[in-house]
Each structure stands twice: as structure tokens, then as C-alpha cells.
Amino acid sequence: MKNILFVASSSRGPQSYSYQFARHIVDDLKTRHPGAKVVVRDVAKQPLPHVDAAFVNGRALPPEQLSPSEAEAFALSDVLLAELQAADVIVFAVPMYNFGVPSSLKAWIDHVVRPGRAFTYTEKGPKGLIEGKKAIVVVARGGIYSQGPAQQLDFQESYLRAVLGFIGITNVHVVRVEGVGMGEQALKNAMTSAKARTEELVREFA
């Protein structure tokens, strides 16, 4: 393991449960692989611009045909893609906002999921180009969405699995910190479960 990419997206930063468990994973992996480089991309602390017309219009053009505004729109996307492509492991810290992911993380996804770079279309359909990666997704939510009546409202974990798989990252492991808003005992249960899952994954990845 040479490179670890840590993508954080909680507006609460280090105070958030998703950040705390994801940071713990990153730190443990770094301890076990002291030579690994860690790149932190905190899209909540340093928000990315949402894609604009120049970005969308330029997606289908070869580099030499891009206008100055289109080339500028792709410059940041190229940096984000380089970080992703260099990583052996990507660790995501993702809170649930209104049943989905934060808009700051959605902006990162929109910059990264580019035709010809992250995926391509073939005769058999789309094919992901970001292969050979492992991802750990730490999701935090106030209720229980992995089972029960609220499961149908989970557009957080399901979306992340889908979009990562679409670009070729199918080796995805999830740490759920859920039920944190359902009382003191539920919070304790959530923390205990997430801690056990975190330690299990670190041992597996090591």
C-alpha cells in the first residue's frame, strides 16, 4: 500500500462521527504501512465548484479543441482524478444529509466521473476505468437505514456503491455509524458496532 486518499465531506469536520471513524482507519493504515502517502481531500472544508456549462460542453472534446474556459474547468478535475488514480485505498467519510450524500461530495463525484477518464462506453455498455482500488466508506446517519422501514430512504450508501462501481471500484467496504440520533443507548450501540467493524477492516487490509 503506497497511497491512501481520504475524502471527507462532513460540515462538522473532525467532530462528526463519519470523520472520526474514517480518520481512525486512515491513521491505523498509515501506522501499519509507514511508507504510505496520505492525501486528504476535505470537500467540506475546501468546497469544490459545481460543474458548469464549460465543463459539461468540454467533456466530449479532445484536449486540443478545448476553449480556454473549458480547459480551466477541467484543470481541477484533472487534479482530483490524479489523486484518485494514484490511490491504492480510498477512505470516504460521509454523513447523511436528507437521505443522501452532502452536495460537497456530489460535486467531487461530478468532477471525477468523466467519460474517457473514469469510464468509457463499449458495445456491452459502460465500463469503469478506475480499477484495482479498494474503498472504505464510513457512513453516519441519525436513524437506522440498513434495515427496517427506513431502508427504502437510503440514497447514501446505495448511491455510493453504485457510482463507485460504475467507474470500476467494486471492492467497497462499508462502516455504518447509524442510529446516532435515536437516544443514548442507540448512540452507544452505534459506536460499538462501528468500532468493531473498523478494527475488522484495518486487520483485513493490513
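Just so we're clear, the structure is a prediction, and the values are computed from it rather than from any experiment.
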Same cluster or not: [X] versus [Y], using hydrophobic residues (I, L, V, M, F, W, Y) connected whenever any side-chain heavy atoms lie under 4.5 Å apart?
| X | Y | answer |
| --- | --- | --- |
| Ile109 | Ile167 | yes |
| Val113 | Ile90 | yes |
| Phe92 | Val38 | no |
| Leu105 | Val39 | yes |
| Val91 | Val174 | no |

Tell me which one of Ser11, Ser9, Ser10 satisfies side chain to side chain contact (heavy atoms under 4.5 Å, CB included) with Ser16.
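Exactly one candidate clears the test, Ser10.
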
Distance-minimising heavy-atom pair for [X] and [Y]:
| X | Y | result |
| --- | --- | --- |
| Val112 | Leu81 | O-CD2, 3.4 Å |
| Ala73 | Phe55 | O-CD1, 3.7 Å |
| Leu84 | Leu5 | CA-CD2, 3.9 Å |
| Phe155 | Ser158 | CA-OG, 3.7 Å |
| Val177 | Ala194 | CG2-CB, 3.7 Å |
| Ser18 | Ala93 | O-CB, 3.5 Å |

Is it true that atom [atom1] of [X] has more than 12 heavy atoms of other residues, nucleotides or ligands lying nearer than 6.0 Å?
| X | atom1 | value |
| --- | --- | --- |
| Glu200 | CD | yes |
| Glu123 | CD | no |
| Glu184 | CD | no |
| Gln65 | CD | yes |

Any sub-3.5 Å donor-acceptor pair from [X]'s side-chain atoms to [Y]'s backbone N or O?
| X | Y | value |
| --- | --- | --- |
| Asn3 | Ala86 | yes |
| Gln156 | Val94 | yes |
| Lys133 | Ala87 | yes |

Do [X] and [Y] come within less than 4.5 Å of each other through their side chains, counting heavy atoms only?
| X | Y | answer |
| --- | --- | --- |
| Met96 | Asp154 | yes |
| Phe99 | Arg141 | no |
| His24 | Val202 | no |
| Val26 | Val40 | no |
| Pro95 | Pro102 | yes |
| Leu29 | Phe205 | yes |
| Ser146 | Glu178 | yes |
| Val172 | Leu160 | no |

Starting at [atom1] of [X], measure out to [atom2] of [Y] and round the result to the nearest 0.5 Å.
| X | Y | atom1 | atom2 | result |
| --- | --- | --- | --- | --- |
| Asn171 | Ile136 | CG | CD1 | 9.5 Å |
| Arg161 | Ile169 | CZ | CD1 | 13.0 Å |
| Met1 | Lys37 | CE | NZ | 16.0 Å |
| Phe166 | Ile130 | CZ | CD1 | 12.0 Å |
| Asp28 | Arg23 | CG | CZ | 11.0 Å |
| Ile25 | Leu201 | CD1 | CG | 6.0 Å |

Determine whether the aromatic ring centres of Phe6 and Tyr19 lie less than 6.0 Å apart.
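Yes; Tyr19 has its ring centre under 6.0 Å from that of Phe6.
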
Can you list the residues that meet the salt bridge (charged side-chain N to carboxylate O under 4.0 Å, His left out) rule with Asp78, with sequence neighbours excluded?
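Once residues adjacent in sequence are excluded, the partners of Asp78 under the salt bridge (charged side-chain N to carboxylate O under 4.0 Å, His left out) criterion are Arg114, Arg117.
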
What's the verdict on side-chain contact (heavy atoms from CB on, under 4.5 Å) for Arg197 and His173, showing C-alpha distance, side-chain angles and the deciding distance?
CA-CA 10 Å; Arg197 176 60 173 155; His173 305 260; 4.0 Å; yes

Which residue pairs satisfy the side chain to side chain donor-acceptor pair (under 3.5 Å) criterion with at least one member in residues 102-112, sequence neighbours excluded?
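Listed once each, the pairs are Lys106-Asp110.
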
